[in-house]
Every structure is written in C-alpha cells, then in structure tokens.
Amino acid sequence: CCQIRQLDVLLLDCIFVIFTVIMEMIYLLDSRWEEERYTDGVKWKFLEHKGPVFAPAYEPIPSHVKFYYDGKHMKLSPEAEEVATFFAKMLDHEYTTKDIFRKNFFKDWRKEMTSEERAKITDLKKCDFTEMSEYFKAQSEARKAMSKEEKQKIKEENERILQQYGFCIMDNHKERIANFRIEPPGLFRGRGDHPKMGMLKRRIRPQDIIINCSKDSKVPEPPPGTKWKEVRHDNKVTWLVSWTENIQGSIKYIMLNPSSRIKGEKDWQKYETARRLKKCVDRIRAQYREDWKSKEMRIRQRAVALYFIDKLALRAGNEKEEGETADTVGCCSLRVEHIKLYPENEGQEYVVEFDFLGKDSIRYYNRVPVEKRVFKNLQLFMENKEPDDDLFDRLNTSILNKHLQELMDGLTAKVFRTYNASITLQQQLKELTTAEENIPAKILSYNRANRAVAILCNHQRAPPKTFEKSMQNLQSKIDAKRDQLADAKRELKSAKADAKVRKDEKSKKAVESKKKAVQRIEEQLMKLEVQATDREENKQIALGTSKLNYLDPRISVAWCKKWGIPVEKIYNKTQREKFAWAIDMAEEDYEF
DNA sequence: ACCGACACTTAGTACACTTTTT
DNA sequence: AAAAAGTGTACTAAGTGTCGGT
C-alpha cells in the first residue's frame with residue numbers, strides 16, 4: 001500500500017514535471033520575439049481596434065471674456081473665436097512676437113472669419129487678446145486648485161478612455177497603442193526658423209480618417225452621424241489610423257507602442273543589421289580610403305561623405321524642398337558655408353570646422369583634424385563655389401545608399417550611427433567600469449559611457465531653467481554633509497579615547513556605532529558628489545535619445561548582469577517594457 | 001535619374017505626476 | 001501641508017529610406 005502510494009506520488013511528480021515542461025515550451029512559442037516571422041512584407045494577419053479618440057469639441061468662452069479690436073469690444077463668430085483663442089493661449093510665448101508667425105497666423109485666421117469680421121479686422125496689431133489670455137490662465141490655475149476628488153475623477157475618466165481606446169488586438173496579442181488621440185487643432189509651431197510657424201493646424205474630423213484593420217475584425221464605429229473617409233485592410237503596413245495633415249500635406253499615423261511585438265522585432269532587427277556592419281566595417285573603411293584617390297569626382301565625394309558619416313556619426317542629409325521647412329542639413333546636403341578649413345589650427349594639422357543646423361535646428365559645431373587626403377579633397381570640392389553651393393554637388397543620399405547596399409545587404413547611412421553609438425557604449429563601459437566601485441559609482445560610469453554616445457550623436461537639450469539653482473542647492477548639501485562628516489569623525493575620536501580609558505563593553509560598543517556612523521556619512525557624501533558630477537556633465541546633453549534609439553539594449557543588460565546592477569537602475573518601467581526582448585535574451589557575456 | 005507618396009524612426013519640449021524637502 | 005525638485009510621458013515635428021511611376 002505504502003509502495004503504491006509512493007509510486008502514485010512519483011507518477012504525479014512526473015506528470016507535473018512533464019506538464020511544466022510543456023507549459024514552458026508553449027510559453028517559449030508564445031514569447032513574442034520567438035514567434036514565426038512573416039514573409040513578403042506581411043505585418044499581421046489579424047488587427048482589431050476601436051479607432052481614434054477625437055479632440056474635444058470647441059467650447060465657446062463665456063461672454064464676459066471680451067475681445068477688442070482697435071480698443072472696441074467685438075463679439076467674434078465661434079469659428080473666428082476658436083482660432084483667436086489659439087493665439088491668446090500663446091501670448092506669453094516669444095513666438096507671437098515673430099513676424100512670420102504673426103503673418104501666417106493672421107492670414108489663416110482671416111480665412112476663418114465671416115466676411116463682416118474680415119472687413120473689420122485688418123491689422124493684427126489692433127487686436128487685443130489679453131482678456132482671453134487672462135481667462136485661460138485663470139482656468140489653468142483653477143485646474144491646479146481642484147480638490148483631490150475632482151482630480152481623481154478626471155484620472156479615472158482618462159483611465160477609462162485608455163482602457164477602451166488605448167489597446168488593440170494584433171495576432172493573438174493585446175497591444176498598447178502609442179498615440180490613439182488625434183492631434184487637436186492649434187497653431188503650428190515648427191522648430192527653428194520655420195517658414196510655416198503660426199499657420200492654423202486644422203481640426204481633424206471623422207471624414208478625414210482612414211481606418212486600417214483586418215477584414216475579419218470588428219470595424220471601429222465612427223462617431224454618431226459621421227463617416228470615415230475610408231476603411232481599408234492593408235496588412236503590409238503597421239498603422240491603424242491615418243490622416244493627412246494640412247501644414248505640410250504629410251500623412252500622420254496611429255501606430256503601436258514600442259513595447260509591442262511589431263516594434264520590438266523591428267528594433268531587434270535594426271541592431272542585428274548594425275552588428276553585421278561590425279563584421280565588415282574594416283573592409284568598408286579600407287574601401288572608402290582607397291576611393292579618396294579615385295579619378296572620378298563623384299566617387300571621391302561619396303568616399304569623403306561616408307568618412308564623415310562614419311567618423312562623426314552625421315545624418316545622411318536628404319534634400320528638402322526650399323521654403324517649406326527650416327533650413328537644416330545633414331551630411332550629403334552640407335553646403336560650402338557650413339565648413340571651414342584650417343591647414344593648421346592649435347597645433348593640429350588639417351582641421352575642419354563644422355558649423356551647421358541639423359535636425360530640429362540643433363546646432364552642430366565641431367572642429368576635427370582629418371587625414372591629409374580628406375582635407376585636400378575638401379579644398380577641391382570647394383573650388384570655384386559660392387558659400388550656398390552644395391559641398392558634395394555630385395552626391396545625394398540615394399546615390400550613397402545605393403553604394404552602401406552593394407557593400408552590405410541592408411546597409412544604409414543611418415546604420416553607421418547605430419553601429420558607432422552601440423560600439424562606443426560597449427567600449428566605454430569596458431573602459432570606465434572598475435570592479436572596486438560601489439553601485440552609484442558604477443552607474444555614474446554607465447552614464448558617462450551613455451554621455452560619450454550622446455556627444456557623438458550631438459543629442460542636445462536646453463539647459464533646464466532651474467539648473468543653476470539646483471546645482472547650488474546640491475553644493476550646499478555637499479558642504480553640509482562635509483561638516484557632518486567632520487563632526488562624526490571628531491565624535492569617533494573622542495569615543496575611542498574614552499574606550500581606551502574605560503575599557504568597558506559599553507564604550508567599545510559606542511566606538512563601533514560611531515565608526516558605522518562615519519562610514520554611513522562618508523557613503524552619503526560620496527553619493528552626493530557623484531550626483532553633482534553627473535549633473536554638471538549633463539547640463540546640455542540629453543541621454544534619453546541615444547538610450548532609446550541607438551544603443552543596443554543587450555549591451556546594457558549584459559553590463560547589469562556582469563556587475564550585479566539591478567536593471568531598474570538603468571531602465572525605468574517604460575524602457576523595460578520597450579526592451580523586454582533584450583532583457584529576456586541577453587546574458588552576461590553578450591557582445592555587440 | 002528624378003519625383004512624389006508613403007511608411008516608419010528619431011527628436012526635443014512642455015507639462016503632468018511623483019518624490020523629497022521645508 | 002505646501003513648496004520645490006526631480007522624473008516620466010505625451011505630444012508631434014522632423015528626419016530617413018523605399019517604392020513605383022515617368
């Protein structure tokens with residue numbers, strides 16, 4: 001009987017183990033990044049969602065809030081009033097003082113006016129929006145001063161909308177949608193010197209919207225009494241909703257969150273391409289160095305541009321339509337005026353000075369010594385040209401990328417940025433991390449490695465408005481901690497002296513506890529100092545962009561595992577969700 | 001070769017929310 | 001409890017790169 005029972009237990013155990021193994025296999029199969037990949041451009045088989053959330057309808061302002069033209073009160077039509085409120089809300093911003101902004105705004109505003117209004121309102125300078133502006137300021141104050149319950153209510157409502165519209169089903173998985181809210185109307189704010197700043201960004205209606213979902217899904221309902229522009233079933237694209245925006249005429253999309261399978265896989269693929277570049281980058285470098293000597297101008301230009309893209313992590317630099325956007329450039333679109341050549345500069349030979357506005361009108365300024373051949377080539381390219389002529393007149397991104405494609409499957413200019421960013425992180429981590437350091441110091445090292453990449457990629461930010469002040473605060477904290485440490489040391493000394501005389505248990509214990517206190521304070525001081533260094537070095541540098549878009553997350557995960565750093569210290573919750581695939585797959589010995 | 005349409009990634013900022021300090 | 005500081009997220013502009021037509 002007993003034996004049988006034992007057998008029974010064994011059997012049960014066995015079944016349990018088998019069950020667990022099967023479940024694990026199912027889990028592995030189900031694990032999104034292990035799933036079978038589609039071929040020939042198919043992105044999904046099933047897609048169902050609830051459509052977009054539209055911007056709330058315009059709420060007219062109360063009649064006691066007045067608008068004045070030329071000092072006289074004027075009641076605006078709802079259409080004109082709405083556009084006026086957009087301007088009023090930006091009154092404190094320096095945009096509204098800019099000529100182009102005002103001109104564009106006024107032109108578009110007049111289009112929304114009734115003919116009577118248009119006849120009357122002919123000069124923006126005579127418009128007085130201050131009451132409107134005050135009203136909105138008061139509104140936002142009131143919102144801040146709301147009671148806990150009211151705030152809670154709003155939060156719950158937001159949560160409800162998120163639950164209803166913020167998710168979709170794509171191929172057996174419920175996925176988070178990135179931007180399910182339609183962009184509200186307002187005044188366009190470009191970055192930098194944008195020729196279209198101040199133009200009216202139209203309100204998007206259901207009849208502007210294209211819905212994309214699978215045929216066998218429940219098609220989202222348009223709001224009562226409205227129709228979608230189109231419902232299509234295109235599984236070769238990843239977007240759920242699209243519309244055409246009226247400023248540039250470009251298409252906007254609603255797509256999935258970075259945590260989704262479809263984005264995660266693409267991200268992984270991107271880093272795998274960069275790793276393939278690692279294997280052949282020596283060959284490619286040797287090749288472009290050869291090409292500097294080519295007898296063909298176009299090949300020399302291609303080779304010098306590629307050298308910049310590789311060495312300086314410049315962007316490709318597509319052509320842009322003149323007058324449609326801010327005047328910014330990348331590598332292939334550099335103009336003569338953007339570089340200066342110094343045969344000798346501060347003891348270095350063949351120095352090139354770059355000074356241009358890149359993406360988002362962020363200034364790129366750099367002085368770099370280059371090889372003699374590059375320098376001579378640049379002199380050649382600049383011969384007989386005006387400052388606003390193209391530096392690489394025989395080159396564009398399409399020519400460059402076609403060439404790259406021949407050197408390696410899937411290679412384009414942007415892969416170099418990914419490759420150089422990731423390899424730099426890996427190298428810097430190796431160089432900067434030392435075994436003896438404690439965790440905060442190791443994290444400082446990580447941030448420094450991250451920073452090296454951000455500098456390479458020129459990821460800048462406006463120094464935070466409160467930077468100086470918060471730096472001062474931190475410094476005074478450090479000073480206070482130093483005093484505290486001195487005190488603690490003094491106390492320890494006297495406790496030691498005391499213990500020497502008394503030689504009893506109690507005084508010995510006192511020494512021990514004082515020792516501990518000193519140690520603790522030392523640690524705290526160290527942490528503060530590390531923090532101060534980190535912050536100072538970070539003043540104008542944004543780490544987030546490279547962390548999110550250029551650094552193979554497996555490098556960071558491996559580093560965490562190697563040094564026993566919890567991954568939460570490096571990635572916050574959102575980042576961990578985005579990089580779930582990497583956290584899942586990277587081991588301590590992962591090499592990019 | 002060139003162009004426009006399209007799809008998708010990369011980017012900085014404003015502000016909401018959370019945590020720490022006073 | 002209020003204020004200040006710090007962090008995270010939403011937002012949406014601005015890039016890159018491909019494709020199909022001419």
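Per chain, numbering begins at 1; letters A, B, ... match sequence-line order. These numbers were taken from a predicted model, which means no experiment stands behind them.
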query = Closer to the 5' end of DNA chain B via nearest nucleotide, is it Lys236(A) or Thr545(A)?
reply = Lys236(A)
inquiry  = Please compare Thr244(A) and His459(A) by the position of their nearest nucleotide in DNA chain B and report the one closer to 5'.
reply    = Thr244(A)
Nearest whole angstrom, please: distance from the [atom2] of [N] to the [atom1] of [X].
X         : N       : atom1 : atom2 : result
Asp327(A) : dG15(C) : CG    : C1'   : 15 Å
Glu324(A) : dC3(B)  : CD    : C1'   : 15 Å
Asn538(A) : dG12(B) : CG    : P     : 13 Å
Leu548(A) : dA11(B) : CG    : P     : 10 Å
Lys578(A) : dA10(C) : NZ    : P     : 14 Å
Lys573(A) : dT9(C)  : NZ    : P     : 7 Å
Ile251(A) : dG17(C) : CD1   : C1'   : 15 Å
Lys89(A)  : dC15(B) : NZ    : C1'   : 15 Å

Select base, sugar-phosphate, or nothing to describe what [X] touches, counting heavy atoms under 4.0 Å on all strands.
X         : answer
Asn572(A) : sugar-phosphate
Ala178(A) : nothing
Glu245(A) : nothing
Pro184(A) : sugar-phosphate
Arg417(A) : sugar-phosphate
Gly317(A) : sugar-phosphate
Arg394(A) : nothing
Ala326(A) : nothing
Gly544(A) : nothing
Thr325(A) : nothing

Does a side-chain N or O from [X] land closer than 4.0 Å to OP1 or OP2 of [N], or not?
X         : N       : result
Thr238(A) : dC8(B)  : yes
Arg315(A) : dG17(C) : no
Thr412(A) : dG17(C) : yes
Thr328(A) : dG15(C) : yes
Thr397(A) : dG17(C) : no
Lys270(A) : dT10(B) : yes
Asn179(A) : dC11(C) : no
Lys263(A) : dT9(B)  : yes
Lys414(A) : dT10(B) : yes
Tyr253(A) : dT9(B)  : no
Lys201(A) : dA13(C) : yes
Asn318(A) : dG15(C) : no

Ion pair check, Glu324(A) and Lys196(A), cut-off under 4.0 Å = yes
From the list [options], which nucleotide is the closest neighbour of the side chain of [X]?
X         : options                   : value
Arg191(A) : dG12(B), dT18(C), dT13(B) : dG12(B)
Lys320(A) : dT9(B), dT18(C), dG15(C)  : dG15(C)
Lys252(A) : dA13(C), dA11(B), dG17(C) : dA13(C)
Lys266(A) : dC8(B), dA13(C), dG12(B)  : dC8(B)
His194(A) : dA14(C), dT18(C), dT9(B)  : dA14(C)
Lys359(A) : dC8(B), dA10(C), dG15(C)  : dG15(C)
Arg232(A) : dG8(C), dT18(C), dA7(B)   : dA7(B)

State yes or no: are the ring centers of [X] and [Y] separated by less than 6.0 Å?
X         : Y         : result
Tyr365(A) : Phe354(A) : no
Phe180(A) : Tyr165(A) : no
His459(A) : Tyr550(A) : yes

Less than 3.5 Å apart, any donor N or O on the side chain of [X] or [Y] sitting next to an acceptor on the other?
X         : Y         : answer
Lys320(A) : Thr325(A) : yes
Thr273(A) : Tyr419(A) : no
Gln460(A) : Asn458(A) : yes
Asn318(A) : Thr397(A) : yes

key: First encountered from the 5' end of DNA chain C, between Asn401(A) and Thr574(A)   = Thr574(A)
